[in-house]
Amino acid sequence: MAYTLITANRNYSSWSLRPWVLMKALGIPVEDRIEPFTKPVNYEDFRSFSPTGQVPLLIDGERSIWDSLGIALYLADRHDGVWPQDEAARAWAQCAVAEMHSGFSTLRNDCTMNVGVRVKPKAMSAALQKDVGRLAELWAQGLDSFGGPWLAGPDFSAVDAFFAPVAFRVRTYGLEVGAAGQAWVDRMLAHPAMQQWEAEALAEDWREASHEAELAACGAVLADYRTA
């Protein structure tokens, strides 16, 4: 029996993307269930299926697994490839995933995820410059240490999935992440799973006012490729 993964809008939901692209890239069977953001706070609606009132949520039979990191850890116990086989690469990947999961708060706030647009960002704060600089440093370290073309070596793994939303952000806002980092971004954006996510994001007709307001606060929209 396939897992069911509950996610929100393709265009906005960075946390949803992480386990979705991981499962797609590793060929783990999964059925999609989309519960879109329809208001600024969806907690009460989402509590009907998620203990945290948030997405993503993985359903495995009678078991519910919440939080993108919780889902990745659960899948790693059941499927090969979630983490690199090489011990050093695996340790680095797990640290980088934990850093992404708990950090980069300014990047999240000042460069909100919106797959379908291109933005001229407002002047970068020192905190955002620090986050972007750390991204470039971290990605270059992984690519150099483990030989690429993925962040922790020759195979796509959870660390690539956890930075997948940032690949969209780099393109949306034109962020400078160095030559090595940009090469990884380009590879990520060309991945079939990422292209599927993007195509679905461009086609969806949901527009949620608070998410659109957050985008407007991030900078000036130069292009909007959403078709619906």
Side-chain angles (χ1 to χ4, degrees), residues 10-22 25 56 67-69 72 82-84 86 88-191 193-195 197-198 201 211 214-215 217-219 222:
R10 298 287 190 252
N11 200 49
Y12 304 135
S13 187
S14 59
W15 292 106
S16 294
L17 172 58
R18 293 183 170 103
W20 187 93
V21 76
L22 178 63
D67 189 279
S68 59
L69 183 53
V82 173
W83 300 114
D86 177 77
R90 184 167 63 252
W92 181 89
Q94 290 172 344
C95 288
V97 164
E99 183 177 356
M100 181 70 252
H101 190 262
S102 63
F104 297 100
S105 59
T106 304
L107 176 69
R108 301 181 201 276
N109 293 330
D110 290 5
C111 298
T112 186
M113 178 153 138
N114 195 305
V115 173
V117 301
R118 305 293 181 269
V119 175
K120 180 180 180 181
K122 64 184 181 182
M124 292 176 64
S125 66
L128 181 57
Q129 291 177 11
K130 180 180 178 181
D131 274 0
V132 174
R134 175 57 183 154
L135 282 174
E137 177 184 57
L138 184 64
W139 292 351
Q141 180 187 37
L143 292 163
D144 181 63
S145 297
F146 309 113
W150 302 106
L151 289 177
D155 300 314
F156 188 105
S157 68
V159 68
D160 300 289
F162 268 72
F163 284 98
V166 183
F168 281 129
R169 284 179 164 99
V170 167
R171 186 181 64 181
T172 294
Y173 297 94
L175 302 177
E176 295 290 338
V177 291
Q182 187 61 54
W184 174 82
V185 167
D186 294 342
R187 178 174 291 273
M188 277 297 298
L189 294 177
H191 192 286
M194 291 285 280
Q195 292 193 334
W197 182 278
E198 180 179 3
H211 284 82
E214 289 175 357
L215 175 68
C218 292
L222 301 175

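Since we're looking at a predicted model, the values are computed, not measured.
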_For F163 and F104, take the angle between the two ring planes, folded into 0 to 90°, and tell me which bin it lands in: parallel under 30, tilted 30 to 60, perpendicular over 60._
perpendicular
[X] versus [Y], closest heavy-atom pair with distance:
X: M194; Y: A167; answer: CE-CB, 4.3 Å
X: A72; Y: L22; answer: CB-CD2, 4.3 Å
X: P19; Y: S16; answer: CD-O, 3.4 Å
X: A164; Y: V21; answer: CB-CG1, 4.1 Å
X: P149; Y: L143; answer: O-CD2, 3.5 Å

Minimum side-chain heavy-atom gap [X]-[Y] below 4.5 Å:
X: L128; Y: Y173; result: no
X: V132; Y: E176; result: no
X: N11; Y: N114; result: yes
X: W150; Y: H191; result: yes
X: F146; Y: L151; result: no
X: Y12; Y: T112; result: no
X: V166; Y: V177; result: no
X: W15; Y: H101; result: yes

Drop me the distance from [X]'s [atom1] to [Y]'s [atom2], to the nearest 0.5 angstrom.
X: T106; Y: M124; atom1: OG1; atom2: CE; value: 10.0 Å
X: Q182; Y: L189; atom1: CD; atom2: CG; value: 8.0 Å
X: R108; Y: S14; atom1: CZ; atom2: OG; value: 6.5 Å
X: L69; Y: F162; atom1: CG; atom2: CZ; value: 5.0 Å
X: L175; Y: Q129; atom1: CG; atom2: CD; value: 11.5 Å
X: E137; Y: L135; atom1: CD; atom2: CG; value: 10.0 Å

_Derivation of the side-chain contact (heavy atoms from CB on, under 4.5 Å) call for R10 and V115_ = CA-CA 8 Å; R10 298 287 190 252; V115 173; over 6 Å; no
Donor-acceptor contact below 3.5 Å, side chain [X] vs main chain [Y]:
X: D144; Y: A140; answer: no
X: R18; Y: S68; answer: no
X: R90; Y: P84; answer: yes

*Please walk me through it: do L17 and M113 pass side-chain contact (heavy atoms from CB on, under 4.5 Å)?*
CA-CA 11 Å; L17 172 58; M113 178 153 138; 4.3 Å; yes
